[in-house]
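One-based numbering along the sequence shown. Treat the numbers as computed from the prediction; the structure is a model and nothing was measured. Ligands are counted one by one from 1 in listed order, and the atoms in each one are counted from 1 as well.
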Amino acid sequence: MQEIQFYTGESIPLELHKVRIVQKLDLVPVERRAEAIKEAGNNTFLLKNKDIFLDMLTDSGVNAMSDRQLAAMMIADDSYAGSATFTRLTDKLEEIFGTHYFLPAHQGRAAENILAMTFVEKGTIIPMNYHFTTTKAHITRLGGYVEELVIDEGTEITSTHPFKGNFDLTRLKKLFDEKGDRIPFVRIEAGTNLIGGQPLSLENIEAVSDITHSYGKLVVMDASLLQDNLYFIKTREEKARNLSVREITKRIADKMDIIYFSARKLGFARGGGLAMRDEKLYLKMRELVPMFEGFLTYGGMSVREMEAMAVGLEETMDMDVISQGPLFIKYMTDELLRLGVPVVTPAGGLGCHLDATRFIPHVRQEEYPAGALAAALYIAGGIRGMERGTISEQREEDGSEHLASVELLRLAVPRRVFTLSQIKYAVDRIKWLYDNRNLIGGLKFVEEPSSLRFFFGRLDPVSDWQQKLVEAFRKDFGDSL
Ligand code: F0G
């Protein structure tokens, strides 16, 4: 999808695909939405799909697939060992990344488990630009620590920095000088998820790799959100302007020792794995695959998904394909900015991120503003977002709350799934909610699991604010849904 100019001067992203299969959606009345969020313990993970109109929870495993991907699924070779599908996938990875070896895993976090079990022990430090929830959980489970080295702009909500996911190179060198013996690898997260899908520059990626290699350590890329990052390098970085997406990908891959990914994002399918050039590294991790995932030629994935992934990876080399997400997200972000709604800037990949701290400054961080905003937006519009703030953190070892550095409501825009009118609807309901923000109150835990609490935890509103929100909606919208 390119930015095609409209004669009338209107600036909207134009889809370069047509829709051939559709899925019916329901929009339930606001009263039912208030009931549904209560039943879900105010946790959008626990909502049922039948109650959801726009599912902006995640882009994971829910991107639209292409006709070519679906066609490829029909020729998948279903055999336990030696599947031709696995060879096709490995060949595609070798073609775009230059990696000869591939360890398949059922999804991204399974690849993280393999990495952590191979390299992490008590006291290990894994430096990274920013953590992802499942990554951190695997490292800390084994007694390791995550050290976040993102540049200061990374956690500033509003910024003009084009690469907010960049590493602070000075801090990286200092960490190596002080604690290098405890560091087995550095993890670079492309399209940094938790700070708003923010990219790193090619220059920064190369520098992190050079520094890390100069200390004799490994460089690992979490490439789950690489497709968005590639788009941003291509469009925002002068040095990459004349490189093709394929060339940029190869330049990045050449600097990595291991590239792992969730194929629920990269490759528009479902699955994951770890790709590498070095045989010794491959052999070091290999036995964990049959032990935890499945035999080496499927790793817990369906062969149909692997076939779709190989085609999806090829389609990731096409700017028309990978620009759709970022352009829709930019449209949504720009519209919200125009209406005065606080959002993360610049627009990143993955989704549009509302800044709950400025949206509802009257809700204290201990009462989970991002979680409260997620519940409120579901009531206001049947839109399901994901809390990315303090609820997504883990408590400290002494049980105290670890307040997140940012309180965001992530509204994911799965690739090629929503139409522009649906995005406009979301913008409209967010604006309504913003104008009624004083009605929104906080949340408190009533059931709090000790690990990954954002998945299963249940919360109650601290007052009857949700009822008041329903009343305000009825007053403004009459009988409308
Ligand atoms: N790394 C990153 C950067 C991710 O965004 C994810 C998943 C994973 C690893 C784990 O991969 O889900 O296949 O096990 N992110 C999803 C999300 C869950 O909604 O952002 P997975």
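Salt bridge present: Arg395 and Glu448 bring a charged side-chain N and a carboxylate O closer than 4.0 Å. A salt bridge is absent between Lys48 and Asp51: the closest approach of a Lys/Arg side-chain nitrogen to an acidic carboxylate oxygen does not fall below 4.0 angstrom. Note on Arg109 versus Glu112: no salt bridge recorded, every NZ/NE/NH1/NH2 to OD/OE distance being 4.0 Å or above.
Between His213 and Lys255, the closest heavy-atom pair is CE1-O, 3.6 Å.
Counting the atoms of ligand 1 from 1 in the order shown, those under 4.0 Å from a heavy atom of Gly108 are 11 (O), 13 (O), 14 (O), 21 (P). Residue contact check: Met386 has heavy atoms under 4.0 Å from atoms 19 (O) of ligand 1. Residue contact check: Glu189 has heavy atoms under 4.0 Å from atoms 3 (C) of ligand 1.
With Phe86 as the fixed residue, the side-chain contact (heavy atoms from CB on, under 4.5 Å) test singles out one of Leu296, Thr297, Asp91, Asp77: Thr297.
Shortest contact from atom 6 (C) of ligand 1 to any protein heavy atom: Phe132 CE2, 3.3 Å. Taking atom 5 (O) of ligand 1 as the reference point, the nearest protein heavy-atom neighbour is Asn193 ND2, 2.8 Å.
The backbone and the side chain of Gln107 each have at least one atom closer than 4.0 Å to an atom of ligand 1 (non-hydrogen atoms only).
Residue Thr58 places at least one N or O, backbone or side chain, under 3.5 Å from an N or O of ligand 1. Checking only distances, Asp222 does come within under 3.5 Å of ligand 1, N or O to N or O. Note: an N/O pair closer than 3.5 Å links Arg410 and ligand 1 by distance alone. Ligand 1 has no nitrogen or oxygen under 3.5 angstrom from a nitrogen or oxygen of Leu57.
In Glu203, the CD atom is not crowded: 12 or fewer heavy atoms of neighbouring residues, nucleotides or ligands sit closer than 6.0 Å. The number of heavy-atom neighbours closer than 6.0 Å to CD of Glu287, taken from other residues, nucleotides and ligands shown, is 12 or below.
Both the sub-6.0 Å distance and the 45° axial angle are not jointly satisfied by Arg384 relative to the ring of Phe53.
In this structure, of Arg109, Lys265, Glu112, the residue bringing a heavy atom nearest to atom 17 (C) of ligand 1 is Lys265. With Ser262, Ser224, Ala223 as candidates, the residue nearest to atom 13 (O) of ligand 1 on a non-hydrogen basis is Ser262.
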